[in-house]
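Note on naming: letters A, B, ... go to the chains in the order of the sequence lines (proteins, then strands), and numbering restarts at 1 for each one.
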Amino acid sequence: MSDTQRKRRILVAKPGLDGHDRGAKVVARALADAGHEVVYTGLHQTPTMIATAAVQEAVDAVGLSIMSGAHMTLFPAVIEALKKQGAEDVVVFGGGIIPDEDVVELLANGVAKIFKPGASTQEIGQWVTDNVSVQD
Amino acid sequence: MRIDKVLEGDIRSAARLMRDLDDRVPSAIEELKALYPHTGNGYIIGITGNPGAGKSTLVDSLISVYRNASLRVGVVCVDPTSPFSGGAILGDRIRMQRHASDSGVFIRSLATRGQLGGLSRSTFDVASVLDAMGFDRIIIETVGVGQDEIEVMKTAYTSVVVTVPGLGDDIQAIKAGILEIADVLVVNKADREGADRAVRDLFHMLDLRGGVGRQEVEIVKCIATLGTREESGIADVAKAIDSHRGRMGQQEDARRKERAKAHIAELVRGMLADRADATLRAQGGLDGLADGVVRGEQDPYTAAESVLKSL
Ligand SMILES: Nc1nc2c(ncn2[C@@H]2O[C@H](COP(=O)(O)OP(=O)(O)OP(=O)(O)O)[C@@H](O)[C@H]2O)c(=O)[nH]1
Ligand SMILES: [Mg+2]
């Protein structure tokens, strides 16, 4: 008799200083529509705040929306902060206006996926379903 | 052992245990049993009220009040699961993120996962883990609700109902049930017109009600967005919670017993429902029985009884 019901939990955050979170909200909505539980932490999050929330909420993945151009510092900083808190198994992905060569470098350094601004919400939801496994 | 780590205050282990409890992993229940002897010291406060009334903002300010008093605070916030997708957006935390890097604060968001009553099935368990970890105050924010979201009262020692001015005659919106569970009533957004009127209206409703043992409900005005500033009134909210706690003093054992009764009853119902589901699954689901009912070979009661017989 197993009533265990694993559900994917995803933290969606918007690090950095730029001002609106429309994109992040759309992604949060899309992930919820795909059946996941989405912890939404809003604007202006520091890497430490994001990592602490990810640990307390025991999420499987963290999705970052970065439009400010600071992606080359923010993605590594979040990955580092997660590692520091013993949560290196949390999948980090994101989206934003990010040049191709930066995408290559980020993917080589622990970011699991970068979505381009045009990515459809279904695509994002499906990617999480396919690539984020629920930890045991 | 994971529970040793939890008792040592290891955040990641505790969070993972909460996750397993929420996901209903059987071994997690065994761990919770082992943690139980360490519970009972945290004071559990429930916050409920209309959607958008400012519950999360109020919790944020209450956290500050308690932190200023060097108390450690655990928070459980519940948001609804969509019945269509099974997903949920857990957004209460946004209002509390300034406490995100304070190690004296642990915030956990939960989705209702189909449970009615404004809480998830796991809320009580998650609060118990926070209790065992030694958090002094444990605040539970329910789903923003209409009127029958009264489960929180059974879980919390003090229930705070948050409302706002301007409901006018619609103050009836905070219907009997929810008023009845309030130990403290907060009129939040008191920066808006009509706060005094709202207090008066609530006072009259309480008066009419007369309620058994509920005469001492305090009504407090508050502007939660002002944080701990003097004008916010949050100190009065905290004080009202404290005085309720004080009044409960002598009856605390009785209240704990009521709480335990409600919890056991809920667990029994939940376990029975799980067993019924498992039995149904083992018998190949409802299709066969439903076909029989549709064809007029059997009435639904007889069909249901046939399932119960094999529980
Ligand atoms: N003017 C004013 N606005 C407030 C006050 N408290 C909260 N708000 C605003 O009310 C809105 C809703 O606040 P929340 O704290 O999210 O309300 P909630 O009851 O937790 O909402 P749900 O969890 O969605 O039901 C936010 O925009 C707050 O900034 C207040 O005292 N005065
Ligand atoms: Mg809220």
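- Put simply, of B/A100, B/S101, B/G91, the one with the most heavy-atom pairs under 4.5 Å next to chain A is B/A100.
- Across all their heavy atoms, B/R12 and A/G86 have their closest contact at NE-O, 2.8 Å.
- Chain A forms the most heavy-atom pairs under 4.5 Å with one residue out of B/G86, B/A15, B/A88, and that residue is B/A88.
- Here B/R93 contributes atom CZ and A/L11 contributes atom CG; the two are 7.5 Å apart, rounded to the nearest 0.5 Å.
- Around atom CD of A/Q5, no more than 12 heavy atoms belonging to other residues, nucleotides or ligands sit under 6.0 Å away.
- No other option in A/D33, A/L31, A/T48, A/I10 has as many heavy-atom pairs under 4.5 Å with chain B as A/D33.
- With a 4.5 angstrom heavy-atom cutoff, B/S109 touches chain A via backbone and side-chain atoms both.
- Contact annotation: the side chain of B/R113 approaches that of A/E37 to within less than 4.5 Å [non-hydrogen atoms, C-beta and beyond].
- The CG atom of B/L90 sits 11.5 Å away from atom OG1 of A/T41, with the distance rounded to the nearest 0.5 Å.
- In this structure, B/R19 contributes its side chain and A/E57 its backbone to no donor-acceptor pair below 3.5 Å.
- Considering only heavy-atom pairs separated by less than 4.5 Å from chain B, the leading option among A/R8, A/K7, A/H36 is A/K7.
- Enclosure of atom CZ in A/R29 is not indicated, since only 12 or fewer non-hydrogen atoms of other residues, nucleotides or ligands lie within 6.0 angstrom.
- Taking CD1 from B/I94 and NZ from A/K14, the interatomic distance works out to 13.5 Å, rounded to the nearest 0.5 Å.
- Annotation for B/K5: atom NZ does not count as buried by contact number, only 12 or fewer foreign heavy atoms lying within 6.0 Å.
- Between A/A32 and B/S85 the shortest heavy-atom distance is O-OG, 3.1 Å.
- Heavy-atom distances place the side chain of A/Q45, and not its backbone, under 4.5 Å from chain B.
- One distance of note links CD of A/Q56 with CD1 of B/I11; it measures 6.0 Å at 0.5 Å rounding.
- To the nearest 0.5 Å, the span separating OG1 on A/T52 from NE2 on B/H99 amounts to 14.0 Å.
- A/R6 and B/D22 are not joined by a salt bridge, as no carboxylate oxygen comes within less than 4.0 angstrom of a charged side-chain nitrogen.
- Residue B/V105 touches chain A through its backbone alone, counting heavy-atom pairs closer than 4.5 Å.
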